[in-house]
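What follows is a set of notes on a single structure, which appears directly below.
These numbers come from the heavy atoms of this one structure, side chains and all, not from hydrogens, waters or symmetry mates.
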Amino acid sequence: MNNPVNSKTKQTISLIFWIISAVVIGIIIASLFIKGGKYEASVSPKEKSATVIQIIPPIAPDPNIPQAQYFYVNKNENGQQPNVSAKAYLVGDLNTGEVILSKNQDEKFPMASVSKLMTALVATKILNPEDDTAQVTKTALIIEGKSEGKNGELYSGQQITINTLLYPLLLESSNGAAEVISEYFGKDDFISKMNQEAANLKMASTSYEDPSGLSVNNQSTPSDLFKLTGYIMQNYPSLFQLTTLRSYSNKKQSWSNISQFVGQNGYAGGKEGYTDAADQTVVAIFDLPLGQTGYRPIAITLLQSTDRKKDVETILQYLKNNIYYGGLADANTNWVQEKVGSPDITQPSYVTMAFAGDIMLDRGVKDSVIKNFNDDYSAIFENLNIFKQSDIAFANLEGPISDQGTNKNNLYSFRMDPAVAPALAGAGISILSVANNHIGDWGISAFTDTLSSLNENEIAYTGGGLTEAEADAPTIINKYGMKIGFLAFSDVGPNDMAAGVNTPGILLASDPNFDNIIKNAASQVDDLVVSFHFGDEYQTKHNARQEQLAHEAVNDGAKIVIGSHPHVVEDTEIYKNSYIAYSLGNLVFDQPFSANTMQGMLLEIQLNKDGSMIVKKDTTQLNSAFQIAKVTIGKPQKITFPVAKTN
């Protein structure tokens, strides 16, 4: 007689076996289907799952709800890594702590002014709101005999609250503000608290030696900076909200945001830095539509980058093309299918450049900024986005940016407020010519102070230097494997500002080594831009002297010649294999007496590796407050040269 219990048990076991078999077969088939459709549940280049950095208290997931995660859509030949210059980086979700992309995320490097995020955090945590007024001291502004920099426009004896100091600290990256904050709390104790806070956040590879980031010993890793970013975003989001402002003004002062990403779609805050040892660094947060609905808070931390702006843009494009946030079942939905087949991000075969004319923000422009914009110089450029959209943005700086020097009492003598430099950086200017007739209006000390301010704000300059050798040497900017060189000459003096062997000054067109200077520069680069401050004021046609110098520069190797000084737009010319714009007129100047002086040409050039180019002649228009009110985009014109460039 059969045992009914044993028979029932066998039936149950058989049923379980077939259920398990069906599930396994289904998973195998689904896996094959998904792989065939180019989908893999993987976000780590080397592993099959995302790593998670704990930046917020864990929330137990609901086992009944499928958990979303990050998935790749397309594979590429680079091992699923975007091509960036940074030696170390991390890209992660601030809500979940998931690491989406990374390279050398645990490798230590100097972090430069990204240090100021910790400075702001510690100051905010220990601040007594009832007594937060600090006094600016000389020692805070001058450390080891060297100026801490002009950004922040602080002065000895000034009374200022710690909360107010956060604006120059995070907007203009003021080293002086960092020092004042640390002095207020006791510098040694404050730095100790910075390191203790790092330890509390389990930033095991991070150390601070000063509050500003000037020290090479302020070091961290992309992983640690991601933890810090997540903690601040969760607990002190107002610090990052502050960094999204274009500027901030109170009744006494105004500070401009020097970030390269302000105004960019989705930008939710961050901090940038630069020193020779650190190269370019950044923490940047973007709200990105990586899921079917809503936005994900994505942090990008970069160290040792040679081009942070391009690195961040490359990563953002990579995420858009290749990553989605959701479930495995989303793989065949329309919103994910749209990403399928997106081409790999390749390096462009061209460089985009924007050239503008004279910038002079003293005299009537300064009066207007005080009257109409509450001392906020960045307001002058708020309607101008082309500089930030270009790889390189160039203009002529018509006078020093300084609070030093002695007025030489020229017929017109200009000296711009130190607040102008961060405003120009915030507008997207990447390089300025200092070779013109007004740069020496307040003497050598104002000139050298100008160079220092430009360096502090990561704005390159050409046409002058601390020595003759520096003035003669091209300023070289590398973009996409193309080396673009810049030289600048003044043909209208001042002759007493000519750079000497060991004395600061500018490069003059009358220099006896004119031809050799250009030939030497051309030999070092792929394409050379030569700027001249020359011509007759208010004339719309170039003269014989301008043509002579421009043609001579082309004969010596210049690819593009840019002119300034006439204050009005002049004609352009194609000469041999080069393009000449004899005068771009005014970008910003207080000359309301004619329509021509209130307009300027903004010349956009797409320079291709083969030497061909596409040119757009945009028109800028100033309003009565000397603000750039409108930019009329010109029609693209493909320039054909007689002889193709050979490599």
Could you tell me whether the side chain of [Y] reaches within less than 4.5 Å of the side chain of [X], counting heavy atoms only?
{"X": "F626", "Y": "F589", "value": "no"}
{"X": "I605", "Y": "T352", "value": "no"}
{"X": "H533", "Y": "N396", "value": "yes"}
{"X": "E272", "Y": "S173", "value": "no"}
{"X": "Y155", "Y": "V136", "value": "no"}
{"X": "S390", "Y": "M353", "value": "no"}
{"X": "V631", "Y": "I386", "value": "yes"}

Which atom of [X] lies closest to which atom of [Y], heavy atoms considered:
{"X": "I506", "Y": "S490", "answer": "CD1-CB, 4.1 Å"}
{"X": "A425", "Y": "I459", "answer": "N-CD1, 3.7 Å"}
{"X": "A509", "Y": "L549", "answer": "CB-CD1, 4.1 Å"}
{"X": "F447", "Y": "V434", "answer": "CE1-CG2, 4.1 Å"}
{"X": "A112", "Y": "G273", "answer": "CB-C, 3.9 Å"}
{"X": "G270", "Y": "F240", "answer": "N-CD2, 3.6 Å"}

Between [X] and [Y], does any side-chain donor sit less than 3.5 Å from a side-chain acceptor?
{"X": "Q627", "Y": "N623", "value": "yes"}
{"X": "Y461", "Y": "E470", "value": "yes"}
{"X": "S174", "Y": "N151", "value": "no"}
{"X": "S368", "Y": "K371", "value": "no"}
{"X": "N577", "Y": "Y579", "value": "no"}
{"X": "K576", "Y": "N555", "value": "yes"}
{"X": "N374", "Y": "K251", "value": "no"}
{"X": "T632", "Y": "T619", "value": "no"}
{"X": "Q158", "Y": "Q253", "value": "yes"}
{"X": "H542", "Y": "E570", "value": "no"}
{"X": "S413", "Y": "N407", "value": "yes"}
{"X": "D311", "Y": "S305", "value": "yes"}
{"X": "Q280", "Y": "D307", "value": "no"}

Euclidean distance, [Y] [atom2] relative to [X] [atom1], rounded to 0.5 Å:
{"X": "I359", "Y": "N436", "atom1": "CD1", "atom2": "CG", "answer": "11.0 Å"}
{"X": "M360", "Y": "H567", "atom1": "CE", "atom2": "NE2", "answer": "9.0 Å"}
{"X": "L622", "Y": "M598", "atom1": "CG", "atom2": "CE", "answer": "5.0 Å"}
{"X": "L602", "Y": "L384", "atom1": "CG", "atom2": "CG", "answer": "6.0 Å"}
{"X": "D417", "Y": "I401", "atom1": "CG", "atom2": "CD1", "answer": "9.5 Å"}

- Can you name the one residue among L607, I476, V525 that meets side chain to side chain contact (heavy atoms under 4.5 Å, CB included) with I484?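 The side chain to side chain contact (heavy atoms under 4.5 Å, CB included) with I484 is passed solely by L607 among L607, I476, V525.
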- Query: Which one of L166, L117, L169 satisfies the side chain to side chain contact (heavy atoms under 4.5 Å, CB included) criterion with L239?
  - Reply: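 Of the listed residues L166, L117, L169, the side chain to side chain contact (heavy atoms under 4.5 Å, CB included) partner of L239 is L166.
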- Message: Please check: side-chain N/O of D526 versus main-chain N/O of K483, any donor-acceptor pairing under 3.5 Å?
- Response: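 Indeed, once roles are kept as given, a pair shorter than 3.5 Å links the two residues.
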- Query: Is it true that a side-chain atom of W255 and a backbone atom of G152 form a donor plus acceptor pair closer than 3.5 Å?
  - Reply: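 Yes, the answer is positive, given that a donor and an acceptor are paired below the 3.5 Å cut-off.
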For the pair [X] and [Y], name the ring-plane relationship: parallel under 30°, tilted 30 to 60°, perpendicular over 60°.
{"X": "F532", "Y": "F489", "value": "parallel"}
{"X": "Y538", "Y": "F593", "value": "perpendicular"}
{"X": "F355", "Y": "F486", "value": "tilted"}

- NZ or CZ of K559 within 45° of F641 ring axis and under 6.0 Å: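 Yes, K559 and F641 form such a contact.
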- Assess whether atom CG of N265 is packed by more than 12 heavy atoms of other residues, nucleotides or ligands within 6.0 Å.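 Result for CG/N265: open.
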- Y350 OH: over 12 foreign heavy atoms closer than 6.0 Å: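 Open: at most 12 neighbouring heavy atoms sit under 6.0 Å from OH of Y350.
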- Task: Carefully, step by step, assess R363 and D590 under the rule salt bridge (Lys or Arg N to Asp or Glu O under 4.0 Å).
- Result: CA-CA 7 Å; R363 203 171 56 182; D590 61 341; 2.7 Å; yes
Looking at [X] and [Y], does any basic side-chain N land under 4.0 Å from a carboxylate oxygen?
{"X": "R308", "Y": "D279", "result": "no"}
{"X": "D403", "Y": "R415", "result": "no"}
{"X": "D375", "Y": "K252", "result": "no"}
{"X": "K541", "Y": "D571", "result": "yes"}
{"X": "D391", "Y": "K479", "result": "no"}
{"X": "D491", "Y": "R545", "result": "yes"}

- Message: Applying side chain to side chain donor-acceptor pair (under 3.5 Å) to N596 and S594, what does each step give before you reach the verdict?
- Response: CA-CA 5 Å; N596 285 345; S594 75; 5.6 Å; no
- Message: Counting the benzene-type ring for Trp, do F534 and H565 have ring centres under 6.0 Å apart?
- Response: no
- Task: Could you list the residues that satisfy side chain to side chain contact (heavy atoms under 4.5 Å, CB included) with N257, not counting sequence neighbours?
- Result: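 Expected list: L171, S259, V262.
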